[in-house]
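What follows is a single structure, and I will ask about it in a moment.
Index from 1, following the sequence.
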Amino acid sequence: MACWLIFDIDRPGAASAWADADLPPPTYVATNPENGHAHIGYALSAPVCLTDAARKHPQRYLAAIEHAYMTRLRADGAFNGPLATPP
């Protein structure tokens with residue numbers, strides 16, 4: 001189940017990338033104080049099932065949103081996700 005969209009932004013000032021991209025405020029922002037890079041996370045209001053048995057439309061819709069946010073945030077497209085999920 002996908003419950004979060006998390007983006008890795010590798011540039012100084014990344015904590016405000018959502019505002020610069022004219023996106024809604026994230027659920028959380030984790031900033032590296034040494035270089036200003038950040039992870040920005042959005043909690044989904046409803047989880048999306050990602051198994052092969054799940055409906056494909058919600059999966060495609062989530063992927064489209066993730067791609068649009070990643071592009072607007074200029075986030076790292078190779079980011080594979082965090083080692084732990086946010087609370």
Going hydrophobic residue to hydrophobic residue with side-chain gaps under 4.5 angstrom, can you get from F79 over to L44?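 Different clusters.
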So, for T27 and A43, which heavy atoms are closest and what is the spacing to 0.1 Å?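 Smallest interatomic distance, heavy atoms only, reads OG1-N, 2.9 Å.
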Those residues at least two apart in sequence (or on a different chain) that pass side chain to side chain contact (heavy atoms under 4.5 Å, CB included) with A68 are none
Same apolar cluster: L5 and M70, side chain cutoff 4.5 Å: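 Yes, it is one cluster - the side chains of L5 and M70 are joined through contacts under 4.5 Å.
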Should I65 and W4 be counted in the same cluster of Ile, Leu, Val, Met, Phe, Trp and Tyr side chains packed under 4.5 Å apart? no
Go through V48 and Y61 one step at a time and tell me if the side-chain contact (heavy atoms from CB on, under 4.5 Å) criterion holds. CA-CA 10 Å; V48 176; Y61 187 55; over 6 Å; no
Who passes side chain to side chain contact (heavy atoms under 4.5 Å, CB included) against R60, sequence neighbours left out?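 Partners of R60 by the side chain to side chain contact (heavy atoms under 4.5 Å, CB included) criterion, ordered by chain and then number, come out as K56, H57.
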Could you give the side-chain donor-acceptor pairs of residues 6-25 under 3.5 Å, partners two or more places apart or in another chain?
| residue | atom | partner | partner atom | Å |
| --- | --- | --- | --- | --- |
| D8 | OD1 | H39 | NE2 | 3.2 |
| R11 | NH1 | L73 | O | 3.2 |
| R11 | NH1 | R74 | O | 3.3 |
| R11 | NH2 | L73 | O | 2.9 |
| S16 | OG | G13 | O | 3.2 |
| W18 | NE1 | A15 | O | 3.3 |

Show the nearest heavy-atom pair for residues Q59 and C49, with the distance to one decimal. NE2-O, 3.0 Å
